[in-house]
> 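Structure incoming, see below.
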Amino acid sequence: TMWWSRGARADDPDTLPADPELAALYLEARDDWAQRTPESLNRAIAALETVTLRDPGFAPAFPALADAYLLAGEFGTVPDERAFPNAKAAAQASLALNPDLAAGHRALGFVAYWWDGDPVSAGRSFRRAVALAPNSAQTHFWYGNVLSDNGHHQAALHELSQARLLEPGSVPI
């Protein structure tokens, strides 16, 4: 089918919740996450928690919530002791709904490396995320950071360059 005629599926990361109010809330939350300020991350978490509670079958909201918790932990607005376990639970929930959701694997990779201290599991999760969504700048960016921290600088440079190619001008990248 052509891109404009394909049917939306609940497990497609490019779809929105069927409820227009939740769809608008989800989009606002993703915009808030992208702003990466303490206030916007708190708004994103609140909105995404609402979306996941009101539409628990909408898989893409769960890794979005995980990402919001992870950045809120980095920015210090949510303590790590809350941010990482909540992010892990949200990522696991997304993969229970759709095991091929790259963002869920990416979030699990981030948690495995930075919280669980498990670079082997982290690498597996990030490689799966890249295989499922090779055009995800966020995945290449986070994987590149993990590789660099783990001393794999050439591989890190490759991943970070991919992220820049996919999202030129990105301030975080």
> Could you tell me whether the side chain of Leu101 reaches within less than 4.5 Å of the side chain of Pro63, counting heavy atoms only?
yes

> For the side chain of Asn150 and the backbone of His152, is there at least one donor-acceptor N/O pair under 3.5 Å apart?
no

> Just how far is it from atom OG of Ser40 to atom CD of Glu28, taken to the nearest 0.5 Å?
12.5 Å

> Do any N or O atoms from the side chain of Ser94 and from the backbone of Ala59 form a donor-acceptor pair under 3.5 angstrom?
no

> What do you reckon, is CZ of Arg164 surrounded by more than 12 foreign heavy atoms closer than 6.0 Å?
no

> Shortest non-hydrogen contact from Ala44 to Ala29?
CB-O, 3.5 Å

> Could you give the distance from CD (Gln35) to CG (Leu71), rounded to the nearest 0.5 Å?
12.5 Å

> Can you tell me which residue among Gln162, Glu159, Arg106 is in a side chain to side chain donor-acceptor pair (under 3.5 Å) with His140?
Glu159

> Heavy atoms, side chains only, cut-off 4.5 Å: are Arg128 and Asp100 in contact?
yes

> Locate the shortest heavy-atom distance separating Leu48 from Ala61; write the atom from each residue and the value.
CD2-O, 4.1 Å

> Could you check Lys88, Glu74, Glu49 and say which one makes a side chain to side chain donor-acceptor pair (under 3.5 Å) with Tyr69?
Glu49

> What distance separates Leu22 CG from Thr52 OG1, expressed to the nearest 0.5 Å?
10.0 Å

> Looking only at the side chains, is there a donor atom on one of Arg124 and Ser121 sitting less than 3.5 Å from an acceptor on the other?
yes

> Carefully, step by step, assess Asp116 and Val111 under the rule side-chain contact (heavy atoms from CB on, under 4.5 Å).
CA-CA 6 Å; Asp116 295 336; Val111 171; 4.0 Å; yes

> Working to the nearest 0.5 angstrom, can you tell me the gap between Asp118 CG and Leu108 CG?
11.0 Å

> Between Phe84 and Phe110, is there a side-chain heavy-atom distance shorter than 4.5 Å?
yes

> Starting from the C-alpha separation in whole Å, work towards a yes-or-no answer on side-chain contact (heavy atoms from CB on, under 4.5 Å) for Leu95 and Gln92.
CA-CA 5 Å; Leu95 295 176; Gln92 289 170 331; 5.9 Å; no

> If you measure from CG on Leu53 to CG on Leu65, what distance do you get to the nearest 0.5 Å?
9.0 Å

> Looking at Glu21 and Arg54, does any basic side-chain N land under 4.0 Å from a carboxylate oxygen?
yes

> So, Tyr113 versus Asn145: side-chain donor-acceptor pair below 3.5 Å or not?
no

> Between Trp142, Tyr143, Phe141, Trp114, which is the residue that forms a ring pair (Phe, Tyr, Trp, His ring centres under 6.0 Å) with Phe126?
Tyr143

> Do Trp115 and Leu147 belong together in a cluster built from hydrophobic side chains that touch within less than 4.5 Å?
yes

> Give the C-alpha distance, both sets of side-chain angles, the deciding distance and a yes or no for side-chain contact (heavy atoms from CB on, under 4.5 Å) between Asp19 and Asp55.
CA-CA 9 Å; Asp19 178 323; Asp55 190 351; 5.9 Å; no

> Over all heavy atoms of both residues, which pair between Leu132 and Ala102 is shortest? Give the atoms and the distance, please.
CB-CB, 3.7 Å

> What heavy-atom pair brings Ala91 and Ala107 nearest, and what distance separates the two atoms?
CB-CB, 3.8 Å

> Minimum heavy-atom separation for Pro38 to Phe75, with atom names?
CD-CD2, 4.2 Å

> Please find the pair of heavy atoms, one from Ala156 and one from Ser148, that lie closest to each other, and give the distance.
CB-N, 3.4 Å

> Can you label the angle between the Tyr26 ring and the Phe58 ring as parallel, tilted or perpendicular, going by 30° and 60°?
perpendicular

> Could you grab the distance from atom CG of Asn135 to atom CD of Glu167, nearest 0.5 Å is fine?
11.5 Å

> Can you check whether Asp32 reaches Leu41 side chain to side chain, under 4.5 Å on heavy atoms?
no

> Is a donor on one side and an acceptor on the other found under 3.5 Å between the side chain of Thr77 and the backbone of Gly73?
no

